[in-house]
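Accompanying notes for the structure given below.
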Amino acid sequence: MQYGYFDDEHREYVITNPKTPVKWINYVGTLAFGGIVDHTGGALICKEDPALNRITKYISQLPSSEFKGETLYLRFKQGEGYKVFSPYFVPTLDRYDLYECHVGLGYTRIVSEFYGIRTEATIFVPSGGSREIRDIRITNVSDQPLEIDAIPVVEYTHFDALKQFTNADWVPQTVQSKAYHDENGLLILTQCAFMHKDTRINTFTSNHPVSSFESDRRWFLGDNEYGTWANPLSLQQEKLGDYEAQRGDNIAALLHRLGVIRPGQTTRLITQLGQDESVEKALPVINRYRDPEQVDRAFDELAAFWDAYLSNMQVETPDANTNSLLNIHNPRQCYITLNWSRYLSLYQLGFGARGIGFRDSSQDVTGVLVGAPEDGKELIHKLLQAQKRDGSAMHQFNPLTMVANEGDSREIEGAPRYYSDDHLWIVLAVTAYLKETGDFAFLDEVLPYYEKDREEHPFESGTVLDHLRRAIEFTWNDVGAHGLPLLGFADWNDTVNLRKGAESLFTANLFGKALLEMIELARHLGDEESVARYSDYYETMKRRVNEQAWDGEWYVRYFDADGSPVGSHTNTAGQIYANGQSWPVISGFASPERAKAALEAVYRRLNTRNGIKLSAPGYNGFDPTKGGITTYPPGAKENGGIFLHTNPWVIIAETTVGNGDRAFEYYSQINPVAKNDKIDEFECEPYVYPQNILGDEHPQFGLARNSWLTGTASWAYQAATQYILGVKTTYEGLQINPCIPRQWDGFKVTREFRGAVYQVVVRNPDHVCKGVKSVKVDGKEVAGNVVPVFEDGKTHRVEVIIGEDIQGC
Ligand code: NOJ
């Protein structure tokens with residue numbers, strides 16, 4: 001509890017010590033307009049694309065004490081000059097009497113007290129809006145009247161985020177600032193790149209008269225920038241320079257004289273940072289958010305959005321950490337990953353190298369379907385347009401331009417230019433969307449494939465169903481010497497890049513799972529021909545996997561181009577891979593005996609108190625024939641690190657074999673909420689999953705990095721809600737099939753599904769893990785464990801008793 005605590009009632013995490021081991025962040029807005037706000041008020045804001053239209057300059061590699069993107073200074077007279085401090089702690093680092101950062105749903109509120117001045121700054125982007133609002137309430141909590149000035153500051157970046165760092169000649173010559181004096185002393189300070197002066201204007205303004213301003217960093221810091229952000233020399237002057245920068249490092253600093261604030265009195269200053277076509281066009285919205293009542297309304301609307309999003313699934317289990325995670329933090333993280341893919345975080349820097357990942361975002365879709373199916377559908381639309389005519393997919397695309405590329409595979413000459421798994425994930429996303437919504441018309445929508453002619457017209461289009469079919473056919477035809485899917489440049493594990501001709505067992509199993517989905521869909525659509533065809537593919541691939549990939553105690557992970565196994569006891573490093581074991585269970589390819597043995601091997605060889613390692617033992621030296629995995633020391637990232645994304649797959653596999661105790665043990669050991677008590681080891685935000693934790697071969701075992709944007713969010717949510725709690729959508733209704741720790745007496749779930757509310761109460765009187773004994777819907781016993789679709793807007797009570805222990809089968 002060293003840095004903060006969970007406040008579930010207000011759905012916040014409250015940071016009480018600003019000196020967290022690394023910056024802890026929150027997201028405001030969406031990719032349409034928004035970005036990251038850190039717990040000391042720094043912000044990275046962009047509109048539509050962090051690479052091509054970035055607004056604030058946030059350099060995450062700078063020390064935590066440094067100014068990043070935005071801040072607020074307050075000052076009052078002291079002797080001949082001013083006492084200047086930041087109520088956000090950074091960058092002045094004054095001693096505080098109170099510091100709290102409330103990490104909320106779509107907002108961050110920093111509450112602090114310094115020198116008898118209490119500040120509450122609520123930072124958010126209104127739902128669907130394109131302004132970052134800072135609603136700052138300043139209260140005199142001393143017993144003396146205080147004359148206070150407030151100076152909010154923004155530092156701009158060049159819109160081309162990478163150019164900012166690669167061209168110090170062109171960039172500073174192309175940016176300019178201008179002041180628009182509005183009525184009643186209000187001021188709008190604009191900034192833009194010259195080439196965008198008629199199209200994209202950054203505006204910074206407030207609801208309070210501005211006595212002076214500065215737009216050039218050099219003048220603001222003073223002394224040719226030997227003044228610092230911790231002590232800007234211009235803030236010792238009565239007035240700022242009122243300088244409209246014609247070039248250079250543009251900032252926006254607005255000096256507000258708030259006047260004398262009496263003890264107990266509060267003044268409210270509202271700033272807004274936006275981007276618009278012109279000041280004239282921006283004025284209506286600027287004026288709206290100068291009105292405190294409108295700001296309150298926007299904040300209430302934001303809260304209403306999150307209420308609605310979260311209320312679709314709420315749980316009550318015997319474990320408080322699980323409840324906190326499933327009711328608040330995990331679904332929030334799912335929504336953030338859907339928005340930002342792996343594009344912009346403190347670790348994914350948004351300079352354009354990535355964009356929206358085909359594989360990543362397809363998996364993210366599945367995490368938001370409960371609360372935001374329409375958002376999921378919108379992303380599926382985009383993803384399908386990055387699929388190629390042959391059924392494979394482009395690896396990633398830019399969200400603004402929709403221009404796609406082949407990812408890292410471009411970097412290695414002669415390497416295959418596709419990833420063997422990408423296109424298969426979309427089958428899982430689309431079928432999950434259909435089960436959630438029943439929107440079968442979606443299958444008939446016609447969308448283009450990626451390839452285009454010179455005029456940028458797509459060569460070919462197909463229905464959504466056609467896209468899925470081509471995905472399947474691609475893998476069916478793209479097989480190697482063992483009849484298993486060729487690896488391409490890589491599969492899910494980006495970092496194992498074997499010579500052309502290698503085969504992937506992961507992709508074979510993902511193919512199996514995609515086939516199960518296609519068979520179920522075809523059956524539901526009454527398309528028996530497809531059922532037969534896909535069943536044949538399924539049985540064939542199942543046979544190939546089982547005949548060739550069983551290593552004795554577990555499944556191998558790859559065959560290299562020479563036909564040698566990788567992920568086998570015959571290897572010296574990388575003998576066993578977690579994905580090699582979980583996925584044959586998920587695909588249904590593993591027999592019950594093999595499933596059990598493979599999962600036991602995971603427990604024995606890969607499990608640690610901080611999570612399941614991706615593989616073991618780690619490769620101990622760079623080996624170009626293996627690829628990226630060997631660039632990491634043993635225990636880091638894909639090389640034997642705890643790559644969290646893969647843990648829920650083992651959890652799902654354990655629930656499939658009925659082992660609820662172990663599934664929950666795995667779930668709990670990676671629950672970030674529980675890390676709050678071991679934060680010195682973990683270091684990252686305890687309210688989100690990180691991508692990776694250093695494994696036990698590494699000296700810093702337990703250290704997390706790359707928080708927020710990870711497929712762990714979607715899969716951990718699915719594992720917990722659909723497999724442990726067992727509330728799962730099907731084409732026919734809501735299936736209830738829990739697999740819980742046997743000591744639980746039961747649990748409750750409230751789930752909105754296709755226009756009705758299902759209040760599910762599960763009881764476990766015999767203390768078993770799995771096995772539905774009876775289901776009553778609205779007091780009446782029903783056969784089986786699928787509760788029908790009601791679509792009647794009503795609430796239905798579902799009582800489930802589990803009692804037959806099928807552990808081990
Ligand atoms: C992170 C990437 O975003 C994801 O696509 C990949 O599956 C994992 N790394 C594992 O390599």
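For ligands, and for the atoms within them, numbers begin at 1 and follow the listed sequence. Computed over heavy atoms, backbone and side chain alike; hydrogens, waters and symmetry mates excluded.
Of the protein's heavy atoms, Trp492 O, 2.6 Å lies nearest to atom 7 (O) of ligand 1. With respect to atom 5 (O) of ligand 1, the closest heavy atom belonging to the protein is Asp360 OD1, 2.6 Å. In terms of protein heavy-atom proximity, atom 3 (O) of ligand 1 is closest to Arg354 NH2, 2.7 Å.
In this structure, Ser582 and Ala653 approach most closely via the heavy-atom pair O-CB, 3.9 Å.
When only interatomic distances are considered, the shortest N/O to N/O separation between Glu638 and ligand 1 falls below 3.5 Å.
Atom numbering of ligand 1 starts at 1 in the shown order; those under 4.0 Å from a heavy atom of Arg342 are 3 (O). The contact set between ligand 1 and Asn493, taken as ligand atoms under 4.0 Å from a residue heavy atom, comprises 11 (O).
By the criterion of a heavy-atom distance under 4.0 Å, both the backbone and the side chain of Asp494 are placed next to ligand 1.
Between Asp562 and Arg499, at least one side-chain nitrogen of the basic residue sits less than 4.0 Å from a carboxylate oxygen of the acidic one, meeting the salt-bridge criterion. The existence of a salt bridge linking Arg469 and Glu473 is excluded, since no basic side-chain nitrogen approaches an acidic carboxylate oxygen closer than 4.0 Å. Contact check on Arg359 versus Asp494 returns a salt bridge, with a Lys/Arg side-chain nitrogen under 4.0 Å from an Asp/Glu carboxylate oxygen. Classification of Arg557 and Glu503 as a salt-bridged pair fails, no side-chain N sitting under 4.0 Å from a carboxylate O. Remark: Glu553 engages Arg604 in a salt bridge, criterion side-chain N to carboxylate O under 4.0 Å.
Put simply, part of Gln691 is less than 4.0 Å from ligand 1, judged by heavy atoms.
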